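Here the structure is laid out as structure tokens; the discussion comes afterwards.
Bear in mind that the values here come from a model prediction, so they are computed numbers and not experimental data.
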Amino acid sequence: MVVDAFDAPNSWKAIKSGLAQLQISSQSSGKGKALKLDFDFHGGKGFVVARKELPRRLPEAWEFRFRLKGEMPANRFEFKLIDTAGTSVWRWTDECLKPNGRWKTYRIPHSRMPFAWGPGGGGVPVEIGAIEFVIAAGNGGAGTLWIDQFEWVDSGPLLPEDCVASSGDTSDCLQASHGAWKPSLEDLQPFLEFDFGRKREIGGLILHWVNGSARDLAVDVEHDHGAWRPALELERVGGHCTPIPLPCPETRRIRLRFQPGAELAQIEWKGPEFSHSENEFLHTMAAEAHMGAFPKYWLRRQTLVTPIGAPTGAPRGMMNEEGLIETDEAGFSLEPFLFSEGKLATWADVTCSRSMQDGWMPLPKIHWDAESLGLDIAAWTGRASTGRTLIASYTVENRSDVEREVRLHVAVRPFQATPPWQRHGHIGGKSPITAIEFHGPLCRVNGSRAVLALDPPSSTGTQPFVAGRLFGKLLANSPPAESHATDPLGLAEAVFTFDLTLKPGETATRKLMVPFGRIPVGEEVEPVTIAHTKAREEWAKSLCTVSFDVPPAWKDAAEAWRTAAAHILVNREVFALHPGPRRYNRAWIRDGVVMGAALARAGEFQAFPDFINWYAPWLRDDGQVPCCVDREGADWLVEYDSQGQWLYGIAECHRFGAGDAFALEHWPSVMNCVAHIRELRERRPETGYDMPDKRPFRGLLPESASHEGYLAHPVHAYWDDFWAIRGLRDVQALGEKLGRPHWEIDAIAALGNALTHSVTESLRATMELRNISYIPGSVEWADFDPAATAVALMILDGLGVLPEDGLETTFNRYLEGFRMRIAGQMPWTNYSAYELRIVTALTRLGRRDDAIELLTFLLNDRRPKEWHQWPEITWKDPESPGHFGDLPHTWIGAEYVLGFAGLFAYEREADDALVLAAGLPADWFASGRTNGVNQLPTYYGRLSYSLKRSGERWELDLAPLEKSPRGGIMVRLPVSRATVLRAFGVDHPVLPDGTVKLTLA
């Protein structure tokens, strides 16, 4: 069927990024008309898109076809399908398309159109709303692409045309709804051979057995020249049906070889969507299973996670919001089930509630309310002489008024806590278990990991996937009893069963230990109660020096502050600060310096200089700073914010006590970075950029991809320049303190001043040329990005860099959209909690009520709220199976640490003053309530103060600081009608705007 004959090219919409251009027309191709795409990237990066609205329901199996030719440099080419909501995307990609001027035919079956992004979370498209052809700049340049004979084909049902058997009647084997087959009793090597008449993509099959006739089997597929190739051998096959994933290239024939006694009731053939990935196979299985048989995410429903760990960082476990515990990075999981009075309770049958140890520690808890039964699930990390261990604790409570017999099952499952739409490398979804065995209370997994029951189990057992569903056996109160299992599908499971007799109101606790390293034995195992106490003590020692005195309604926010800092420590890997525990298990310099600064504000001073020292060897001698470092080494993606962040990081460590020796050790890298910033800036010189369209680029740092939205099209991002200015000003001041030569300090100051002037002029020029009143995020896009603009206020306090009229417009426009969004007056799909930066910006701008309004919303929209965390991407629908970045996202958590502390105090660089109470709302002080902070680290030492109101009089009790700010203390009261602030035993007049300046001796 023809998709488009290209008679109406105006039905295609041209979409372009930045300075790229695209013209869409049609032209004769000799076989009808072709869609002609003329594009030009004008020497830069970016993308162009030809989009057509095309509402269509797709059949079960389909294929798109088109011819393509072109005259263009090598670039990335994409064909995309978009759902009717316009939010979920499937994409086929040619990473380096270099057409040779001759027509080439492309066939794209649905198996080659993987899910790319969106709230759909995966699967195959059923109803589409639009299609797109995309050219993304590789080598860039300009060129032309022609597309013709664009059609799609219904591939038809997947049924064999012929069947040969070792014995028995095969007539039913060719029917879609039948497939019954019974070999003769004398047949000792029964087999079935299926011929599909032509090569087909076969994703697998489901064998439905006649009762009691399931047998072990092997599957062969036809290889080249008619030869058979073994694909799978399955042992311990059992149950009523056996799903068999068979992701393989196109084949014409398949052979099934059975053990004697096999008898089939039906065979279901499945297309490639059945198992085109291991995770998709499990999605399919879960969709057809009883609710609760699989973890929730296999039903394409979002499930959120949180880490289980210690202040020392990795290794760490993860817990999801239903109580499944992942035992290590991408590791297998532990999942509980309760059986009593003939009923099996799973996560789907109970009400789950969440909490944290002591309200804030990353030792999460889940409570199951199962009517007359309760189950408390807790986890923590402990120590043994062999290294760290993970402890999982399960406490069952009988809440009925009669004695109850209860079976607690804890299954060892081949699933991670991290959902499959978080897939990256080995992270997300399935965690293969190919071999599992019991030795008494010890369960060995894949030979290298283990689970040890710390309380004797009543029984244990294992099974491979093809032995039947574990859920079904637990539901039948007949858990498996075999001591070992192997599974070529990587889906073996095991179960610990604990039989409990509970009187009314009685509880019983059973615990399992999972070593991260060698399995401890005997006295090497630390008593569990001691391990739990030590885990709490570790956290209390690390992050309990700072406290906030706030109204009861805000106690939760104060606990979230401490949790956000704790999560930064949990996500660490030795000294590397990672913004996520799984998906973002890498160290970015920009994330790291913000997280390090947040830890310093929380009273943890050593982690930041440790991070800087760890990162330093990856810098180049020419001053280039890698944007990211991970287990594979440095990532040299062009991101020009890195140099400024490195300079800021060294200075911030020094401000929080790292010492002169630390700063001097890193001073050579400081001067190298300064030189590199100078060299980068010289690529956009003052001369040669005088034309109006070039003027905004003058004196800026070059294009980079330091913003996620700029990856496809690097741009002149003001974010980079803001960080460079911050870093240069920091090391100028640091150099003066270290007694560096005057010529060195003067050169840094001159570069910083020149860049500041260029940025200010560029912002005004861009706003004028693009006729915008807000502060843009970049020159090329003139994009509205208030979260990025907020960074300039966070790290620069404005300091004359940002046009003041643009500031007001930027945040007024943001707040208007924010209020419409939460009121349901505008469509939206997701947002990022990076918007927490805007709380800080609004506080600095004196917009206290706006800051509190936004902060209140973001606190209420934690995911989940009880675990005090935010993902990078927050979806409107909490159940939407969309990629969430990582959770907890601790760069965002760090922004909260800094923003919440900023409500109480922040340093103002312009006059070297310490500003107090700028974000505290007026209603906190109702009825004479006292609010304040204790032992908050600042550049001037630890800050402790309390503030209260009595009518129009205010009283400030401020403890002495280690050193006095040269600009004094500025108190910004939350009311304008105040007459007097009493501090240090003296009454101070309050200005009409509610501010009071205190000069310290």
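Taking the six-membered ring for Trp and thresholds of 30 and 60 degrees, F150 and F64 have ring planes inclined between 30 and 60 degrees apart. Using bins of under 30°, 30° to 60° and over 60° for the plane-to-plane angle, the ring pair F133/F77 lands in the parallel bin.
For the pair L217/I244, a side-chain contact is recorded, criterion being any heavy-atom separation below 4.5 Å from C-beta on. Contact check for F194 versus L256: side-chain heavy atoms found under the 4.5 Å cut-off. With a 4.5 Å cut-off on side-chain heavy atoms, D38 and T144 count as touching.
For an aromatic pair to be called close, the ring centres must be under 6.0 Å apart, and W421 with H883 fails this. Not less than 6.0 angstrom separates the ring centroid of F332 from the ring centroid of F415. For an aromatic pair to be called close, the ring centres must be under 6.0 Å apart, and F41 with F39 satisfies this. Within the 6.0 Å centre-distance limit, the rings of F465 and F281 are counted as a close aromatic pair. Outside the 6.0 Å centre-distance limit, the rings of W209 and H240 are not counted as a close aromatic pair. The aromatic ring centres of W181 and F258 sit less than 6.0 Å apart. Aromatic ring centres of Y831 and W875 lie farther apart than the 6.0 Å criterion allows.
In E288, the CD atom is crowded: over 12 heavy atoms of neighbouring residues, nucleotides or ligands sit closer than 6.0 Å. Atom CD of E235 is surrounded by 12 or fewer heavy atoms from other residues, nucleotides or ligands within 6.0 Å. Heavy-atom neighbours of E53 CD from other residues, nucleotides or ligands within 6.0 Å: above the threshold of 12.
Geometric assessment of R255 against the ring of W228 yields a positive cation-pi assignment under the 6.0 Å and 45° thresholds. W92 does not carry R112 over the face of its six-membered ring by the limits of under 6.0 Å from the centre and within 45° of the normal.
Here V153 pairs with R65 under the side chain to side chain contact (heavy atoms under 4.5 Å, CB included) rule; sequence neighbours left out.
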request  = Dump the intermediate steps for salt bridge (Lys or Arg N to Asp or Glu O under 4.0 Å) on E250 and K199, then the final yes or no.
outcome  = CA-CA 5 Å; E250 292 181 330; K199 285 189 174 182; over 6 Å; no

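Side chain of S333 to backbone of E326: no donor-acceptor contact under 3.5 angstrom is found.
With S111 as reference, E201 is the one residue of E63, E201, E273 to meet the side chain to side chain donor-acceptor pair (under 3.5 Å) rule.
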